[in-house]
Asker: 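Just passing along the structure, written as structure tokens.
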Amino acid sequence: MNQSWHTHNPNGKYRVIVTKTLPGSRWIDILAAADCRVDVCQEKSVLDIETIRAAMGNRCHGAIGQLTETWGETLFTALKAAGGTAYSNYAVGYNNVDLEAATRADIPVGNTPGVLTETTAEMAVALTFAAARRLGEAERFMRAGCYAGWLPDLFLGNLLNGKTLGIIGAGRIGTAYACMMVQGHGMSVVYYDLSDNSELENFVSDFSKFRDARGLPPVTCRRAVDLEALLKAADCVSIHTVLDDSTHHLIDAHALALIKTDAILINTSRGPVIDEAALVDHCRNHPDFRVGLDVFEHEPAMAAGLDQLDNVIVVPHIASATRWTREGMAILAACNVAGLLRGDPLWGKPDILPFLGDQSPRAIPSIVNADELGIAP
Ligand SMILES: O=C(O)[C@H](O)CO
């Protein structure tokens with residue numbers, strides 16, 4: 001351990017390493033109250049596997065890692081050998097974690113659901129409007145001193161009200177985003193998912209009745225028969241799926257060619273769901289096609305040419321970046337590790353917010369390989 005690590009509660013019985021400083025301080029109190037010594041890496045750069053393994057040394061009971069790190073066979077074997085029995089990702093997504101390797105090492109993997117839902121959905125909304133109304137281009141134009149007076153055709157964009165929204169992945173975040181766009185902007189929804197989302201369908205149907213009573217046109221929600229049907233129907237496609245083998249490059253050149261040429265494409269899930277080189281080509285050839293990206297295929301790099309495209313707005317993977325959410329993620333990750341080390345039961349309820357109250361429940365909020373390990377409630 002060198003000076004880039006900071007230690008809290010040095011005499012704690014368990015040793016937990018945390019590979020980045022996390023927002024807030026309550027997460028440290030939670031781990032300290034569970035008798036953990038907490039070693040926190042102060043480096044901003046992404047830690048490689050060797051550095052993390054060296055930090056574990058031969059005594060490490062738990063770890064909190066980042067979505068930018070590859071947690072696979074090497075690290076889980078090392079964690080187990082160091083006496084480790086607990087890992088939590090500081091993220092809801094866990095495509096950076098080899099769950100089979102963790103399960104083989106008998107290590108439960110925690111994640112941080114429930115506190116990112118609205119925050120990420122709000123960013124998807126922000127990107128949708130930024131793309132539809134060309135905010136990036138218009139702001140660059142203003143800052144460059146190009147504004148010479150109001151014009152009838154200056155930066156004409158797309159009206160979303162009354163249009164069709166295509167949701168790829170109607171889970172927690174996709175559903176929250178869909179509700180915001182239906183309720184706020186009168187959009188109808190077509191979604192692509194492995195299962196029916198009757199809650200979303202019922203919400204839209206009830207909201208349509210509310211609109212009807214006010215003399216407003218109906219809104220509808222239906223599950224697409226396949227991805228092709230969604231891509232052809234939508235005026236705005238927003239990606240909310242997990243990244244796995246089945247969704248890698250789900251949006252490739254062929255899929256892009258099916259989307260309306262003046263539609264909007266938003267991605268706040270994981271970069272590799274889109275073939276980014278194909279997207280650059282598509283945007284070059286279709287200037288009215290507009291895109292908002294929070295995530296990138298080879299993060300932090302962008303595909304060559306992406307940064308030159310006026311019809312693309314890009315932000316640096318900040319969809320969950322509100323103080324409340326990032327502090328909440330830290331609390332959930334700490335509760336995952338503290339609860340595992342203490343031998344608490346799994347929470348098993350969908351409402352995760354009680355963990356953010358003054359007194360977190362004596363339970364483990366969320367373990368993604370609980371079934372595989374046979375520890376599901
Ligand atoms: O998976 C996640 O948690 C987000 O991508 C980062 O907050």
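The structure displayed is predicted, hence computed values, not measured ones. Order of appearance sets the numbers: ligands from 1, and atoms from 1 within every ligand. All values below were derived from every heavy atom in this structure, side-chain atoms included, with hydrogens, water molecules and symmetry-related copies excluded.
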Asker: Name all residues meeting the side chain to side chain contact (heavy atoms under 4.5 Å, CB included) criterion together with T74; count only those two or more places apart in sequence or in a different chain, and write none if there are none.
Answerer: I49, R53
Asker: Please, which pairs that meet side-chain hydrogen bond (donor to acceptor under 3.5 Å, both in side chains) have at least one residue in residues 348-370, sequence neighbours excluded?
Answerer: R26-S360, T103-N369, N111-S366
Asker: Hey, could you give me each pair passing side-chain hydrogen bond (donor to acceptor under 3.5 Å, both in side chains) that has a residue in residues 257-269? Not counting sequence neighbours.
Answerer: D235-K260, N267-S269
Asker: Centroid separation under 6.0 Å, is that true for the rings of Y94 and W71?
Answerer: no
Asker: Run through ligand 1 for me and note each protein residue having a heavy atom under 4.0 Å from it, chain first, then residue number.
Answerer: L67, A91, V92, G93, L116, R270, H317, S320, M329
Asker: Can you tell whether the side chains of R140 and E137 come within less than 4.0 Å, N to carboxylate O?
Answerer: no
Asker: Under 6.0 Å between ring centres: does that hold for H317 and F296?
Answerer: no
